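In what follows, a structure is listed as structure tokens, so that the remarks can point back to it.
If you're wondering where the values come from, they're calculated on a predicted model, not measured in any experiment.
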Amino acid sequence: AFLHSIENKRKTDLIAARQNHKGATTRPAVIQVINEDAAVIDLAELRSKEVVFIPKMSDHSILVAGALRSCGIASRSFPPMTDEALAKGLAYSNGMECVPHTIITGEVLHFVGEELKKGVDPKNIAIMWTQTKGACRFTQYSTQLQKSLDRSGFTGTKVVNFTVTAPKNRFRPPLSLFAKVFQAYSLGDYMSQVLLENRPYELAGTEVTDRKLKVSARLADHDIDSLEDSKLTDLIYRYYLNAAADVMGNPVELSRLLSAFVREINDVPKNLNQRKPLVGLIGEIYLRLNSFANCGLIDMLEADGCEVFLAGMAEFMYKGAAPKRDTWQDNLRGRIKSSFLRRSEKPIRKLLEPALRRPQFGQAYDAGRVTQMGQRHIGRLEAGEGPLTVGCLEQYVLDGADGVLMVGPHGCMPLTVSEGVLGDIKRSLPEHLQHVPIEVLTISESRNTKNIRTRIEPFVYRARVASMKTIGDKPHQQRQLSG
């Protein structure tokens, strides 16, 4: 019914547009009253802030903060989430929101409060955020965050929208800054995938232990007591992630660092001849990327003997820039935007490609085409991540995944719609791939690890069976996954 209402609204708008073209009377336009003084925030105002926080959806936030610092903005990512911060988010929730809202609200209130204890004026603090379109509560986050800040007594702290369509506190970055921010998202995707492609195959031994000690010495925030639980690949990744964030505005130094990152990752002793089920992790963007929200889902899957292919962050930006089919002007604008994103990403991919075992990841990913694949199952729904999620599900199975795990918050509309068409998707797959397991996992604020493990254990077993059907008695092959 919801999808039908959207389609009917679209048809009504098209009819009204045709009538208007013929000079007929149309419905009165909806006028939104905006206080222009509060509508726009410029670069100079952001540079005047003592700190501009980036909510820690994933490790991408560390790189995005670095990109903003390269343009004179005193930006940093929030520290890792804590249970204490989550409790504050729950206090400002009523149970109707999805879990990302509760976590984000909690980390904003908690860590802004910590800054105020240091004597920082709340007027000198800003939270960088964004908005989306479609059937998702994400569209209301920035407004609700601002209300929560005001109610908590942090008057003057602004939620800045990195979205030009936002009605209030919108920030339209210069093109050079936007390119750096997108490069940060792309770099986060690539570095994460290098980590996930190599970490499950790392070998233990004296050589690895010695190298872990050397790498950990370079990590200022590393707890030496947890060294045994850390893999060498993790330590290398963490060091170069933070180092790259500090040089986002220096292409020469960034190139040097990423080349060193590739060399060190390639030198880690590993056994790539193991048979490990390849699991595609898709779904709501926050839940799949945030390890606190999903209770360390990737760690669970790797502990059960899987390799994870994680849908990244940049795909959502590619999807938004994809050519539209409405008019030739929209199509042309989409092509120009997509070309700009590809050009911005190209130098990052060139540097990290030697460490990737699936060279199709990133540059060859056509978000517009994959979205159209999803629209075949759920209708022509342009906004939101629903069509992209469904398209990725089908694409991952076609490209060789042994199982696909779709994760999202409890009560998420796009996830509910996507789950409703799983039967249609499976029937549309080639017969020899219909055995590949597809599991939907919803997570609430309780973050019940036992329930999550209960769901993924049978899924991993079926994925392992599927991998045996795919590989048979042949050695482990390097399957190609678009992403």
Side-chain angles (χ1 to χ4, degrees), residues 58-60 63 185-204 208 211-212 215 230-241 244 257-282 288-289 291 294 296-315 345 348-365 392 395-405 436 460 463-464 466-467 470-471 474-483:
S58 63
D59 285 342
H60 297 73
L63 297 167
Y185 282 124
S186 296
L187 179 56
D189 284 351
Y190 281 119
M191 292 187 73
S192 172
Q193 198 56 39
V194 169
L195 173 70
L196 296 179
E197 285 186 354
N198 288 274
R199 184 172 60 188
Y201 303 97
E202 181 179 320
L203 298 174
V208 171
R211 288 186 61 188
K212 282 166 66 174
V215 177
S230 301
K231 288 196 172 185
L232 175 58
T233 313
D234 269 316
L235 298 176
I236 294 172
Y237 164 80
R238 285 178 55 192
Y239 170 74
Y240 281 101
L241 179 76
L257 275 172
L258 295 182
S259 297
F261 170 65
V262 169
R263 285 195 302 272
E264 290 200 36
I265 288 291
N266 286 339
D267 287 343
V268 174
K270 44 188 171 285
N271 178 11
L272 296 176
N273 291 320
Q274 302 175 66
R275 290 181 180 177
K276 289 185 178 289
L278 184 59
V279 175
L281 181 56
I282 63 172
R288 72 175 187 246
L289 290 170
S291 59
N294 64 38
L297 184 57
I298 292 178
D299 291 337
M300 289 187 198
L301 290 167
E302 290 185 353
D304 285 343
C306 296
E307 178 191 342
V308 178
F309 184 91
L310 176 63
M313 181 83 77
E315 66 167 28
E345 177 197 347
I348 302 296
R349 181 178 188 274
K350 186 177 179 181
L351 290 166
L352 291 179
E353 189 174 40
L356 293 172
R357 293 187 290 113
R358 299 185 200 84
Q360 283 183 302
F361 175 79
Q363 181 74 7
Y365 183 46
C392 283
Q395 186 68 58
Y396 284 11
V397 175
L398 293 173
D399 283 347
D402 298 312
V404 179
L405 191 60
V436 174
V460 169
R464 187 172 290 111
S467 72
T470 303
I471 301 175
K474 299 177 182 179
H476 178 80
Q477 60 188 25
Q478 292 184 12
R479 291 150 292 189
Q480 296 292 320
L481 254 185
S482 302

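Contact detail for A355 and N266: the closest heavy-atom pair is CA-OD1, 4.0 Å. Nearest heavy-atom pair, L235 versus S230, reported as atom, atom and distance to 0.1 Å: CD2-CB, 3.9 Å. Across every non-hydrogen atom of L301 and V460, the tightest pair is CD2-CG2, 3.8 Å. When all heavy atoms of L63 and L241 are compared, the closest pair comes out as CD2-O, 3.6 Å. The heavy-atom pair separating H60 from G188 by the smallest distance is NE2-C, 3.5 Å. The nearest pair of heavy atoms linking A311 to L289 is O-CD2, 3.9 Å.
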Step by step, work out the side chain to side chain contact (heavy atoms under 4.5 Å, CB included) result for V208 and V268.
CA-CA 8 Å; V208 171; V268 174; 5.5 Å; no
Test side chain to side chain contact (heavy atoms under 4.5 Å, CB included) applied to R238 and V215, step by step
CA-CA 10 Å; R238 285 178 55 192; V215 177; over 6 Å; no
Evaluate F261 against L257 for side chain to side chain contact (heavy atoms under 4.5 Å, CB included), listing each step before the verdict.
CA-CA 6 Å; F261 170 65; L257 275 172; over 6 Å; no
Passes salt bridge (charged side-chain N to carboxylate O under 4.0 Å, His left out), E315 versus R288? Steps please.
CA-CA 13 Å; E315 66 167 28; R288 72 175 187 246; 3.1 Å; yes
From CA spacing to verdict: side chain to side chain contact (heavy atoms under 4.5 Å, CB included), L351, Y190
CA-CA 10 Å; L351 290 166; Y190 281 119; over 6 Å; no
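Atom-to-atom distance recorded for E202:CD and L272:CG is 11.5 Å, nearest 0.5 angstrom. Within the model, atoms OG of S291 and CD1 of I298 stand 8.0 Å from one another, a figure rounded to the nearest 0.5 Å. Between M300 atom CE and N294 atom CG the span is 8.0 Å, to the nearest 0.5 Å.
Here R199 pairs with D234, E302 under the side chain to side chain donor-acceptor pair (under 3.5 Å) rule; sequence neighbours left out. Looking at residues two or more places apart in sequence or on another chain, you find a side chain to side chain donor-acceptor pair (under 3.5 Å) between E264 and R218, Y240. Taking the side chain to side chain donor-acceptor pair (under 3.5 Å) definition, one finds that Y237 meets it with D59, sequence neighbours left out.
Of the possible polar contacts, none joining the N271 side chain to the Y201 backbone as a donor-acceptor pair under 3.5 Å is found. With hydrogens and angles disregarded, no donor-acceptor distance shorter than 3.5 Å links the side chain of D189 to the backbone of G312. At least one donor-acceptor pair closer than 3.5 Å links the side chain of E197 to the backbone N or O of R357.
Between I265 and L195, the closest side-chain pair of non-hydrogen atoms is not below 4.5 Å. At a threshold of 4.5 Å between non-hydrogen side-chain atoms, the residues E307 and S467 do not count as touching.
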